[in-house]
Structure formats: structure tokens, C-alpha cells
Amino acid sequence: GAGVSQSPRYKVAKRGQDVALRCDPISGHVSLFWYQQALGQGPEFLTYFQNEAQLDKSGLPSDRFFAERPEGSVSTLKIQRTQQEDSAVYLCASNAVPIVISGTEAFFGQGTRLTVV
Amino acid sequence: DAKTTQPPSMDCAEGRAANLPCNHSTISGNEYVYWYRQIHSQGPQYIIHGLKNNETNEMASLIITEDRKSSTLILPHATLRDTAVYYCIGNNAGNMLTFGGGTRLMVKP
């Protein structure tokens with residue numbers, strides 16, 4: 001596709017349930033980012049991949065959060081034993097070049113709205 | 001990333017120019033100024049970015065002061081569809097985008 005695609009668009013999970021959120025970046029894009037956006041706030045960084053390598057996971061809030069990008073394209077963000085505070089929009093972004101190259105733009109998907117009940 | 005300061009909200013009349021200010025007094029020499037916007041229930045959309053010189057594209061113009069401590073995003077003819085939260089971000093290579101609170105622009109008929 002032409003843009004970053006995320007699925008599902010909406011997810012309702014019962015507290016304690018595991019969820020998996022998918023991101024299809026723009027084809028050929030090297031960099032992939034996950035962000036979390038709480039209601040009324042700006043997006044906050046979670047983790048960064050350069051191809052299949054997860055180079056930065058400093059923003060992951062707990063060890064219940066896990067991300068992977070095994071073949072350097074599609075990425076999955078998994079949240080285990082979901083809690084109510086995990087309710088947020090999860091955004092994926094991709095960039096054509098590695099993050100060390102400045103002056104380029106990242107493109108975002110529509111996000112997945114996760115509601116934990 | 002440089003800390004940026006933006007007004008929390010602004011109004012603009014439809015068809016008029018919308019001028020969105022951003023202060024980034026701590027920006028370093030190699031940090032670009034990026035602007036993104038987020039329309040309700042959508043992901044952030046890239047608008048424009050610049051380093052030192054003013055920039056223009058099909059969406060907007062970016063005016064950066066000579067000392068680089070502030071910038072202004074200009075939407076030349078605002079439409080109702082430009083109603084969104086606009087984020088100004090200072091960013092250099094090796095850093096992830098750090099979003100602040102942004103400016104909520106309301107374009108009114």
C-alpha cells in the first residue's frame with residue numbers, strides 16, 4: 001500500500017488478556033517506530049527498529065510490552081496481561097532511512113485504539 | 001530533542017492565513033524543526049521541516065528566525081479541514097520524535 005497500515009483499527013480487551021497489534025510500514029522503509037498516545041496527550045515513543053534489529057526499547061513501559069519485526073518489514077506490538085492503564089492509541093511510523101540520517105520525515109499509520117475493560 | 005513551546009490553542013477564520021508560532025530557544029545547530037499535525041482520530045501527518053532556511057511546500061510555509069530560536073508555520077488559506085492539533089518538534093539524527101502538547105487550531109467558518 002501507499003502508506004503505513006495498522007490493524008486492527010480498534011481493539012477491546014478484557015483486563016488480563018493478551019493483545020497483538022500489527023503494523024505494515026511503507027514498503028522498503030528501514031526505520032519503524034511505535035508510539036503510545038493517551039487521550040488528550042501527544043504521542044510518546046515506545047520502541048525503534050532498524051530493519052529487524054530493535055535498537056531502542058527505552059520507552060516500553062513494562063516487561064508486559066514486547067515488539068518484534070522478524071523480517072525487517074511487518075512489526076507486531078504485543079501486550080501481555082493487559083491492564084486498564086494500557087488503554088491508548090498505539091501508533092506506528094516508518095522512515096525510509098536509518099535514524100542516524102537527519103532531515104528526513106517519518107510517516108504515521110492511523111493507529112490502533114486499544115480499550116481495556 | 002530541543003524543548004519547544006507552543007500556545008495551547010488558536011482560532012483562525014476560514015480562508016485567512018493561519019500563523020502558528022513555536023519557541024525553541026534551546027535548539028542546537030544540527031536540530032531540524034519539524035511540524036506535524038493530527039486531525040481527530042487520525043495518525044500524525046507530516047507537514048514540513050527545515051534547518052536554517054525558510055521552506056515552502058504544497059501544504060505550508062515554515063519561517064525560521066535567523067537565530068533559530070523560534071519559527072512560524074503558515075497555512076496560507078486555512079480551510080475547515082485544517083482544524084487539528086499542530087506539533088512543533090526539534091529533532092536531530094539519532095533521536096526519536098518528542099511530541100509536546102501542540103497547538104489546537106480551530107478554523108471557523
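Of all the heavy atoms in A:D56 and B:M96, the pair that sits closest is OD2-CE, 3.6 Å.
Proximity to chain B is limited to the backbone of A:Q41, based on heavy atoms less than 4.5 angstrom apart. Proximity to chain A (any heavy atom under 4.5 Å) is restricted, for B:Q38, to the side chain, taken from C-beta onward. At a 4.5 Å heavy-atom cutoff, A:E44 makes no contact with chain B through either its backbone or its side chain. Proximity to chain B (any heavy atom under 4.5 Å) is shown, for A:A106, by both the backbone and the side chain.
Heavy-atom pairs under 4.5 Å with chain A were tallied for B:F99, B:Y36, B:Y34, B:Y87; the largest tally goes to B:F99. Put simply, of B:G101, B:G43, B:G50, the one with the most heavy-atom pairs under 4.5 Å next to chain A is B:G43.
The neighbour count for A:L39 CG, taken as heavy atoms of other residues, nucleotides or ligands under 6.0 Å away, does not exceed 12. Counting heavy atoms of neighbouring residues, nucleotides and ligands inside a 6.0 Å radius, atom CD of A:E71 does not exceed 12 of them. Around the CZ atom of A:R9, the shell of radius 6.0 Å holds more than 12 heavy atoms that belong to other residues, nucleotides or ligands. Counting heavy atoms of neighbouring residues, nucleotides and ligands inside a 6.0 Å radius, atom CZ of A:R15 does not exceed 12 of them.
Criterion: ILVMFWY side-chain heavy atoms under 4.5 Å apart, direct or through other members. Under it, A:F65 and A:F45 are not part of a common hydrophobic cluster. Hydrophobic clustering (side-chain heavy atoms under 4.5 Å, transitive across Ile, Leu, Val, Met, Phe, Trp, Tyr) keeps B:L62 apart from B:I74.
Atom OH of A:Y35 and atom CG of B:L97 lie 4.0 Å apart (nearest 0.5 Å).
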